[in-house]
2 protein chains.
Amino acid sequence: MLDIFAEIRDDLKIVEEELVSVVQAPDSFITETATHLINAGGKRLRPAFSLLGAKFYHYDIKKVLALAVALELIHMASLVHDDVVDSAVTRRGIPTVKSMWGNRISTHLGDYIFGKSLILISTYDNPIIPRVLSDTSVKMCEGEIQQISTVLDASQSIKDYFYRINRKTALLIAASCQLGAVACGAPVSVHGPLRRYGHNIGMAFQITDDVLDLVADQQQLGKPIGSDLHQGIITLPVIHALERCSFKERLREIVFKEVKTEQEVQEAVELIVSCGGVEYANKVALKYIQKAKEELSLLPDIPARDTLFTIADFISIRKF
Amino acid sequence: MLDIFAEIRDDLKIVEEELVSVVQAPDSFITETATHLINAGGKRLRPAFSLLGAKFYHYDIKKVLALAVALELIHMASLVHDDVVDSAVTRRGIPTVKSMWGNRISTHLGDYIFGKSLILISTYDNPIIPRVLSDTSVKMCEGEIQQISTVLDASQSIKDYFYRINRKTALLIAASCQLGAVACGAPVSVHGPLRRYGHNIGMAFQITDDVLDLVADQQQLGKPIGSDLHQGIITLPVIHALERCSFKERLREIVFKEVKTEQEVQEAVELIVSCGGVEYANKVALKYIQKAKEELSLLPDIPARDTLFTIADFISIRKF
């Protein structure tokens, strides 16, 4: 858990306990695999955003707990299903469920975890919560499927990239910020700014993720560098570099090769960096951070607003 | 569509149209694969049960349509995820592109279809509907995971089998019957009998399915005979035969072999039939049918009740 979450640290511990408790199953095998997944860690960004969103009205952890846990479960379920498809062997430096138990278990375990989130969501009377989250979960799939169908696709544009990362990442973070407030009964006037803050943060977060996949310290990141390139996933720095690079023919040759050697990926990364692809992507991420901060000015001046401001800054400078 | 659905045939057509319309996506690839899936057919049993359940109050197709479509989508999503295979882990650690794409599409398309069902469910104000369906979807996963983890497991009991088929099949059929009535605002007095009717029908349906997997006409069934045995899934006739068969050593030898030849499966089927495994399972199915019919006597005497009665009889005599 990050230090910037000091204000909600105690309640994030409650979320953590509830996460473990909620995935207990009659079948000990399910409990074991699901608990493995939770103990593998994660930044718990989505629960944190929902708690911070909830601070903008009569904050009550009892009202927002089920939502906070549900958001992390939705996120975890999508990661488990991601692992089925991209045959990743480690995530956050820890073996994935798929590599330990196989594709079929991953598929059903993801469904199980997602189903548990639905039970939590169904405890809310406010219809906005299930409506936003069901819409979000459908769009998340659209993003994932678009990612699959554009692998090694040389014709994809920056617009396609934004469509994808909005669905893959930004929508659930936007929902987290908004629905935390909704769960505590906050007036509509705070929903919009919180949701748009989350959207912009989410976009910046994913762009930074895609940059780190190219230039992070491998040990800090907990997964191999260049894994997007290996998988044929074309991210913002790459799209930019393919347009601008002086050696664009060579870059194109590597990027759209079905199977790449480590050396080729390294060469591609160097070309992308040298022609400003990473710098450009960082600039775009900063613009989203800026927009996120502007939304905060529409919200009441409370400590949670400062925290959201600090998180915005953290997103753009994080190294893992 | 079966003839016994005459009473609801027109409304089942509306369900069919809505099924196609609801899976349209901005991405033409998703629309294409999802439509393919819907056009591949199916008995539409769950929508039919929900419409028939709805007949027990102020029937209105507009009120029950979203539920009927959602139920079929949940069922379809679970079938798609069933198709996910483990080729990725077995082929020298490197999955073929073809097998990987199969898994990718199955996983995300299943999630997409399931997500669409959630959007439909979120249109209902009555909290019973999302609560029953989220609970059901979690338990369905428990059943699927138990099935995977008991493959070739010689220690499983009849109790394990009932646990599994209740979760895999009966719960969603029970929910279909009950929630149809709930969607039309029916009083609690009809929920219980409809739910229990559905439970018993669902158990009988799955037992019959497992029997047909051994003894059906392959062409009528539309899939190879003995596929459960091939996959190491131990069903009721097999459990019974393993206890009672005079050649139980030979039967055990075949059943728990990891890879079986066609001839071995054929031999196992003959042993199971000859020692009364199929006869026993058919008897158990008939008991469930009987219990289902008893529940109907607690319901008002309307044409839909006769239809449910006829369906009960059909389940036990069906050949595919």
Side-chain angles (χ1 to χ4, degrees), chain A residues 25-27 29-30 33 77-78 80-82 84-87 89 98-99 101-125 127-149 151 163 258-259, chain B residues 25-27 29-30 33 77-78 81-90 93-95 97 100-101 103-125 127 129-149 163:
Chain A
D27 183 327
F29 177 71
I30 297 181
T33 45
S78 87
V80 178
H81 281 182
D82 246 20
V84 171
V85 300
D86 63 15
S87 77
V89 178
K98 200 221 83 176
S99 73
W101 289 290
N103 267 333
R104 299 198 68 197
I105 290 294
S106 296
T107 305
H108 292 301
L109 187 69
D111 291 347
Y112 171 81
I113 287 167
F114 188 73
K116 283 285 180 182
S117 81
L118 298 179
I119 292 180
L120 294 168
I121 293 161
S122 76
T123 61
Y124 288 98
D125 287 331
I128 294 178
I129 295 176
R131 282 173 199 169
V132 167
L133 288 178
S134 54
D135 186 66
T136 300
S137 68
V138 165
K139 291 208 169 93
M140 285 170 77
C141 298
E142 289 173 359
E144 294 290 351
I145 294 173
Q146 193 244 34
Q147 179 163 302
I148 296 165
S149 58
V151 157
Y163 172 96
E258 207 160 320
V259 181
Chain B
D27 183 325
F29 177 70
I30 299 181
T33 45
S78 85
H81 280 182
D82 252 16
D83 291 341
V84 171
V85 289
D86 263 335
S87 52
V89 240
T90 52
I94 301 165
V97 171
M100 217 165 108
W101 276 68
N103 279 338
R104 291 175 150 199
I105 297 312
S106 296
T107 306
H108 289 302
L109 189 67
D111 290 349
Y112 172 80
I113 288 168
F114 188 73
K116 283 285 179 180
S117 82
L118 298 178
I119 292 180
L120 293 168
I121 293 161
S122 77
T123 61
Y124 288 98
D125 288 331
I129 295 176
R131 282 173 200 169
V132 166
L133 288 178
S134 54
D135 186 67
T136 301
S137 68
V138 164
K139 291 207 168 93
M140 284 171 77
C141 299
E142 289 173 358
E144 293 290 350
I145 294 174
Q146 193 242 37
Q147 178 164 304
I148 296 168
S149 60
Y163 171 96

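Just so we're clear, the structure is a prediction, and the values are computed from it rather than from any experiment. A, B, ... follow the sequence lines: proteins, then strands. Residue 1 opens every chain.
- Summarising the geometry, atom CG belonging to A:Leu118 is positioned 13.0 Å from atom CZ belonging to B:Arg131; distances are rounded to the nearest 0.5 Å.
- Note: A:Pro26 leads A:Pro26, A:Ser137, A:Ser117, A:Pro127 in heavy-atom pairs under 4.5 Å with chain B.
- Looking at heavy atoms from C-beta onward, B:Asp111 lies in side-chain contact with A:Asp111 at the 4.5 angstrom threshold.
- Heavy atoms of B:Ile148 lying under 4.5 Å from chain A belong exclusively to its side chain.
- Heavy-atom distances place the backbone of A:Thr123, and not its side chain, under 4.5 Å from chain B.
- With a 4.5 Å cut-off on side-chain heavy atoms, A:Ile121 and B:Ser134 do not count as touching.
- Rounding to the nearest 0.5 Å gives a distance of 11.0 Å between CG of A:Leu133 and CD1 of B:Ile119.
- Side-chain atoms of B:Asp82 and A:His108, non-hydrogen and from C-beta on, do get closer than 4.5 Å to each other.
- You'll find the side chain of A:His81 reaches within 4.5 Å of the side chain of B:Thr107, heavy atoms only.
- When the candidates A:Ser122, A:Cys141, A:Pro130 are compared by the number of heavy-atom contacts under 4.5 Å with chain B, A:Ser122 comes out ahead.
- Between atom OG of residue A:Ser149 and atom CD1 of residue B:Ile105 there is a gap of 7.5 Å, rounded to the nearest 0.5 Å.
- The salt bridge (charged side-chain N to carboxylate O under 4.0 Å, His left out) search around B:Glu144 returns none, not counting sequence neighbours.
- Proximity to chain B involves both the backbone and the side chain of A:Tyr112, based on heavy atoms less than 4.5 angstrom apart.
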